[in-house]
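Provided herewith is a single structure, encoded as structure tokens, for subsequent inquiry.
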Amino acid sequence: MVIQAGKVSNTLKVETQNSKLRLAQLALVAVMAMSFMGADTDARFSKLGHQLMCMCGCNQILLECNHVGCAYSDRMRNELAAGLERGDSDSLVLQSFIQKYGNTVLAAPTNSGFNIVAWIMPFAVFLAASALAVWLVRMWKSRPVAQPITAPQLPADQLDALRRRAREETEF
Amino acid sequence: MPQIGSFTLLLALALAAYSFIAGVFALYRKNDRLIETARRAGIACWAAVTVAAIALVMATFGNDFSVAYIMHHSNRDLPTAYKFAALWSGQEGSLLLWAWLLSTYGLFMRLRYKVDPQLTAYASAIVAAVQVFFLLLINFAAHPFGLVKGTIPPDGNGLNPLLQYPEMVIHPPMLYLGYVGVTAPFAFALGALMMKYPGEKWIHITRRWTMVAWLFLTCGIFLGAHWAYEVLGWGGYWGWDPVENASLLPWLTMTAFLHSVMMQEKRGMLKMWNMWLIFTTFLLAIFGTFLTRSGVVSSVHAFAQSGIGTWFVWFIAICFATCVYVFVRNRETLRSEHRLDSLVSRESSFLFNNLVLLVSCFAVLWGTLFPVLSEWVTGSKVTVGPPFFNRVNVPIGLFLVLLTGVGPLLAWRQTSLDSLRRNFLVPTVLAVVAAIVLIVSGMRPWQDSSHFYSLMAIALSVFVVGTIAGEFWRGGRVIARQQHVSVLNGMVQITRRNTRRYGGYLVHMGVVLVIIGFAGLPFNQDKEQEMGFGDKMQIGHYTLVCQSYTQDDKPNYGSEWAVLDVYKIGKKIDTMYPERRFYKASEQTATIVANRSRLNEDLYLVYTGRNPDTGKPIIKAHVNPLVAWIWIGVHLVLVGTIIAMLPSTRPAKYAVSVKERDAAEAVKQGAVGVSGD
């Protein structure tokens, strides 16, 4: 019995140690989750804050506006932080800013409606220009080779004199 | 002074009009005497505009607040250097500066008319026409000598505080020298096309003038970037603002021209293209001026809105119509002389280089104007800011960096596979090694697109540095063997012998350093904190400790600043003084950034203000990696451009053995990559 009691006590001891370990693990996971969530919120704040413009008229990204006493940037930053604290999704946060400040609050055009033209056009021009370049290369390659003209042979000193004259006349 | 200024401006207009009309008539009638009077009228026009500019500066120094422009842009306590800057701080004064610079370019052109009298006569008439436009504008739409109505105030409103910084004394003139300088190559190109210029001499003249304009514009753009970084206090140097973009547009087309012009010089190709690149550059320079001054797009840099936008629209339309008319009429003189032999050749690399530069130019123009287009089509305005420009232009820029490395090593006409392998093996290995090192150091290109672009930028930059260093090394070694000197000496000699080619390589090297500076952007850190006595802030490797904060009062401004000790790994390394000023005359504030710049990173402190409740200063700290490389790179670009503009020295003649001669020939054919530029 003593032995059994000892076993029970050992088992209890091991279980207590295990539960302590589990608790510690749980606490660690909770701390890590909290810190990661914090890090995630910071990253989202930075990401979204760089997708928005300050509306004070400075034409600067919200998180880069540094005007002393700017009437907008502090308020807008607080609104952004509040939206993230509420657990709003990125699109919801951006939508609430658009509703309050209008389309110009977004630092870049959206991917919908007429705005998509803004994104497509540079790449369309790049493709068109590449096609044009390839066509030009083909056209130039297919151009007949010019035949050399047979010129009368001049003495070397005359040729040198002509070369010198050409060089002098074309120097600027 | 206002009377002298007003009179000389009218006189300048009359002289410019005479220079233009007499010049055109004389060219039509082939009257040499009349050509000469037109030339002299152009020179006299410079004298008249110079007197007007001096009159405005003297009125500023004399605190003549009866002149509205001086009342708005100067005050009694303004330091002397900034009284000069008042000349270009407003709409009217800056247009006068523009006109003066244009007349100065015209002066140099007309004094050097013997280089090619006929072509210079055409170019002189075209410059005079542009001058007439600007003088009309100054005389009738934006007069710098307009008088104050009613009582003359005892003091002026003062200069914008953001402009009261040493760089601002030279940034606008540099930028204007670039913008205005574009008129000279435009005039020569259009003149050459009008007169159906025989031969290629005009392209040499045009190229040299373009390099001058490019040098100034580059200098102006980066001075502006440096000013933004050191003065505006937001921790960045380029904000993709419409006015910044406007300066980039002609720079991109000029860069394209400076590359494609080699195709015309060496192979007689791309003649029409080059002509239109010059036309486009000029039109974009005028368009940029229109953007800055018309109020079409909103910008922090723009001048006050005014009605002069319509003048610019008409001027651009007339210039464009003239270009199209002359081109259609005389395009037969611009036929290509040669065919393209291979896709892997210097010619095709120039073609793609031009394509990428022009697409980049279009993307910037498109993004700048899209808000106007969107409002017109949908009735709703949108913002096109840095996220758009970065997403569109960064991939294009990376492709351009790749071409910077590849292009110069391809031979004209055709490049052999063996030559490709020989020239590119080492740089490619170096680039791959650089990428691996960066990934091992913690870059995660697969997780974040900005990390990917940064890694690509650095790896490609290493590739380009490898190719350029290889070029210098191979060229220097050939000279070293021939003349029994050191390789370094050989490199210097080969640069002097072919300034254009090796100066160009130095420009490329400078551009690569600038790109490396940009690559640090995704790793920027910033933090803002209120800092009382003894308070600490941790950012990056640095610990900032506030030692004190205080204030001062000077005639022109009052200021307050903080004294912050900087510690790194527990050791004090510096003391920094971020400051904020309040300018009395204009009643505006400005930040004076404290920046500790090192090759690896900048510690950049901004005094953003005081907490009204506690009275403690609020400090914003930035750690910006690699920024210093941007400014180093720009200096190298400028040095390279100046070298490329210098004439090459002729190589000394010496006896060589048959073996050495054959080796040198082999190098010319392929080992060095290409024949000289």
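Each chain gets a letter, A, B and so on, in the order its sequence line appears, and its residues count up from 1. The basis for the numbers below is simple: all heavy atoms, side chains too, and nothing from hydrogens, waters or symmetry mates.
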**OP:** Hey, could you give me the CD/CG distance between Glu528(B) and Leu63(A), rounded to the nearest 0.5 Å?
**Re:** 10.5 Å
**OP:** Against chain A, label Thr378(B) side chain, backbone, both or neither, depending on which of its atoms sit under 4.5 Å from a heavy atom there.
**Re:** side chain
Original post:
With only heavy atoms counted, which part of Leu106(A) is less than 4.5 Å from chain B, the side chain, the backbone, both or neither?
Top reply: backbone
Original post:
Looking at Asp526(B), Leu373(B), Ile618(B), which has the largest count of heavy-atom pairs under 4.5 Å with chain A?
Top reply: Leu373(B)
**OP:** Look at Pro387(B), Gly236(B), Ser360(B), Gly385(B) and state which one has the largest set of heavy-atom pairs under 4.5 Å with chain A.
**Re:** Pro387(B)
Original post:
Which pair of heavy atoms, one from Lys381(B) and one from Thr104(A), lies closest together, and at what distance?
Top reply: O-CG2, 3.5 Å
**OP:** Check the surroundings of atom CZ in Arg391(B): do more than 12 heavy atoms from other residues, nucleotides or ligands lie under 6.0 Å from it?
**Re:** no
Subject >> Options Ala128(A), Ala107(A), Ser130(A), ranked by heavy-atom pairs under 4.5 Å with chain B, top entry >> reply: Ala107(A)
Original post:
Among Asn393(B), Val384(B), Asn354(B), Val377(B), who wins on heavy-atom pairs under 4.5 Å with chain A?
Top reply: Val377(B)
**OP:** Search all heavy atoms of Ala133(A) against all heavy atoms of Leu355(B) and return the closest pair with its distance.
**Re:** CB-CD1, 3.5 Å
Original post:
Most heavy-atom pairs under 4.5 angstrom with chain A, which of Ala363(B), Ser374(B), Gly367(B), Gly239(B)?
Top reply: Ser374(B)
Original post:
If contact means a heavy atom pair closer than 4.5 Å, which residues of residues 109-124 of chain A contact chain B?
Top reply: Pro109(A), Phe114(A), Asn115(A), Val117(A), Ala118(A), Trp119(A), Met121(A), Pro122(A), Phe123(A)
